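Index from 1, following the sequence. All of these numbers come straight from a predicted model, not from anything done at the bench.
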Amino acid sequence: MDCTGHELFCRSFFIDLNEDAVGFPVYFAYHGQGYWEPLKITDCLEDFQEIIDHVNSVRFDKKALTDYFEHHKDSENPFWKEVYEAIENQEEMPEETIEEKINELSDWREANLYITDIGPNKMKIIALLKKEHYISGAEALELSKNSRILFRNGYYKWLQKDYDQLKDLGAQAEFDFIG
């Protein structure tokens with residue numbers, strides 16, 4: 001739900017769980033004062049996900065967004081009409097600003113953090129593995145013998161602290177980004 005204290009209305013996307021036979025059409029509604037008027041915006045949840053994925057991939061490119069919505073969305077649908085108008089009113093961003101935004105968002109990429117060499121503080125790394133994976137000391141010792149150990153997965157920004165801790169203990173670690 002997209003609600004802020006400065007808006008009179010909230011915006012909601014929703015599906016009807018009874019519409020599984022038709023692929024869960026996605027609806028949109030402004031609501032406030034207790035009244036909702038649903039508006040169907042896609043025929044199925046899968047279509048909605050494809051739209052979100054595409055918009056996410058070109059989110060800083062006004063021309064690409066405009067072209068996409070101009071050619072792929074029903075211009076008579078009030079929701080898509082509003083989206084298109086919002087894009088049209090958006091200012092073009094300089095290339096440097098686009099790069100800054102992309103770098104800023106890259107901290108929120110999903111990643112796996114692997115230990116590739118446990119280093120000189122073997123017992124401390126084993127203790128971390130034991131705690132992280134909820135395993136016994138013997139299991140952590142056995143895991144420590146692997147050449148590549150999944151330590152944790154999550155968002156890159158959140159994994160940085162773990163990465164730094166492993167490096168401080170002398171371990172070698174690396175990230176694999178997902179997606």
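- Pairing each heavy atom of Ser144 with each of Leu141, the nearest pair is OG-O, 2.6 Å.
- Counting all heavy atoms, side chain and backbone alike, Thr116 lies closest to Ala173 at OG1-N, 3.9 Å.
- Below 30°, between 30° and 60°, or above 60°: for Phe177 and Tyr156 the angle between ring planes is between 30° and 60°, a tilted geometry.
- Looking at Trp80 and Val83, their side chains come closer than 4.5 Å, going by heavy atoms from C-beta outward.
- Centroid-to-centroid, the aromatic rings of Phe79 and Phe13 come within less than 6.0 Å.
- Using cut-offs of 30° and 60° for the angle between ring planes, the His133 and Phe151 rings count as perpendicular.
- For the side chain to side chain contact (heavy atoms under 4.5 Å, CB included) with Phe28, the qualifying choice from Ile41, Asn77, Thr42 is Ile41, the only one to do so.
- Considering only heavy atoms from C-beta on, Glu46 comes within 4.5 Å of Glu50 through its side chain.
- Using a 4.5 Å heavy-atom cutoff, the side chains of Tyr68 and Val58 are not in contact.
- Atom NZ of Lys167 is surrounded by more than 12 heavy atoms from other residues, nucleotides or ligands within 6.0 Å.
- A distance of 13.0 Å separates OH in Tyr155 from CZ in Arg109, rounded to the nearest 0.5 Å.
- The heavy-atom pair separating Ile115 from Leu129 by the smallest distance is CD1-CD2, 4.1 Å.
- The nearest pair of heavy atoms linking Leu17 to Phe24 is O-CE2, 3.6 Å.
- Between Glu88 and Lys62, the closest heavy-atom pair is O-NZ, 3.0 Å.
- The neighbour count for Lys130 NZ, taken as heavy atoms of other residues, nucleotides or ligands under 6.0 Å away, does not exceed 12.
- With contacts defined as side-chain heavy-atom distances shorter than 4.5 Å, the pair Leu128/Asp162 does not qualify.
- Heavy atoms only, all atoms of each residue included: Pro38 and Ala29 are closest at CA-CB, 4.1 Å.
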